[in-house]
Amino acid sequence: MAMIERWWRPETHTFHLPIGEATITLEDVEVLFGMSVDGLPVAYPHALRDYMGLHYLHMLQRLTGFQPAEETALSGASRLQLTPVRQHLEAMDTEITDDSLPEVIDRHTRLVLLLMFGGVLLPNTSKNLVSLRFLYHPKRLDDLPGYSWGAVVLG
């Protein structure tokens with residue numbers, strides 16, 4: 001954060017360092033985060049454009065088995081607070097074992113991915129909200145490596 005506050009120039013999208021100007025490229029994202037920059041675009045499907053809060057909560061329940069206890073965990077039409085997700089995952093961690101069914105592990109994985117999207121890769125200014133629109137992509141976990149996630153993170 002200190003580097004961004006001191007040297008980032010939003011008007012040119014570059015860092016103005018003592019050694020000269022520098023910018024973050026797709027190659028940097030690929031090397032630093034190990035994320036693919038080639039592949040399918042991460043796009044918002046047209047079918048989901050009319051979704052509102054309850055639609056997303058139903059999709060969340062179906063794909064992860066998680067339903068927030070309070071509707072206030074939903075912010076706007078499509079964003080969910082990360083705190084209830086973290087609390088649910090902490091309780092769920094003791095239930096995941098080597099004998100867990102693949103469906104249970106997939107649900108856990110999708111929740112962890114939501115935390116990564118909202119808290120690390122694509123955080124908002126509050127660092128406590130994630131867009132439930134990202135649920136569409138981890139619906140089929142085997143397809144995730146085929147997307148260009150590096151371009152999304154850089155964008």
Original post:
Looking at residues at least two apart in the chain, or sitting in another chain, which of them share a side chain to side chain contact (heavy atoms under 4.5 Å, CB included) with Arg62?
Top reply: Met59
Original post:
According to a 4.5 Å side-chain heavy-atom criterion applied to Ile, Leu, Val, Met, Phe, Trp and Tyr, with indirect links allowed, do Val42 and Val120 form part of one hydrophobic cluster?
Top reply: yes
Original post:
Taking only residues at least two apart or on different chains, which pairs with a member in residues 71-95 satisfy ring pair (Phe, Tyr, Trp, His ring centres under 6.0 Å)?
Top reply: Phe66-His88
**OP:** Please round to the nearest 0.5 Å and tell me the distance separating atom CG of Leu74 and atom OH of Tyr56.
**Re:** 10.0 Å
Show me, pair by pair, the donor-acceptor contacts under 3.5 angstrom made by side chains of residues 138-155, not counting sequence neighbours?
residue: Arg140; atom: NE; partner: Asp143; partner atom: OD2; Å: 2.9
residue: Ser148; atom: OG; partner: Val37; partner atom: O; Å: 3.1
residue: Trp149; atom: NE1; partner: Leu144; partner atom: O; Å: 3.0

Subject >> Under 3.5 Å donor-acceptor, His137 side chain and Phe134 backbone >> reply: no
Subject >> Those residues that, when tested against Val104, pass side chain to side chain contact (heavy atoms under 4.5 Å, CB included) (two or more places apart) >> reply: Met92, Ile96, Leu101
Subject >> Residue list, side chain to side chain contact (heavy atoms under 4.5 Å, CB included) with Asn124, at least two apart or on another chain >> reply: Arg79, Ser126, Leu129
Original post:
In the single-linkage hydrophobic clustering (I, L, V, M, F, W, Y; side-chain heavy atoms under 4.5 Å), do Leu63 and Leu54 co-cluster?
Top reply: yes
Original post:
About how many Å separate CZ of Phe117 and CZ of Arg133, when rounded to the nearest 0.5 Å?
Top reply: 14.5 Å
**OP:** For residues Leu115 and Val130, determine if any side-chain heavy atom of one lies less than 4.5 Å from a side-chain heavy atom of the other.
**Re:** no
**OP:** Could you note down all residue pairs passing side-chain hydrogen bond (donor to acceptor under 3.5 Å, both in side chains) where residues 103-117 supplies at least one of them, sequence neighbours left out?
**Re:** Asp93-His108
Subject >> Inter-residue atom distance Asp38.CG - Glu30.CD, 0.5 Å rounding >> reply: 6.5 Å
**OP:** Kindly indicate whether the side chain of Leu57, heavy atoms from C-beta on, has any atom under 4.5 Å from the side chain of Gln61.
**Re:** no
Original post:
Does Val31 belong to the same Ile/Leu/Val/Met/Phe/Trp/Tyr cluster as Met35, with side-chain heavy atoms less than 4.5 Å apart forming each link?
Top reply: no
Subject >> For Pro68 against Leu60, the heavy-atom pair lying closest together >> reply: CD-CD2, 3.9 Å
Original post:
In terms of hydrophobic clustering (I, L, V, M, F, W, Y; side-chain heavy atoms under 4.5 Å; direct or indirect links), are Tyr136 and Met116 co-clustered?
Top reply: yes
**OP:** Please round to the nearest 0.5 Å and tell me the distance separating atom CD of Gln81 and atom CZ of Arg86.
**Re:** 10.5 Å
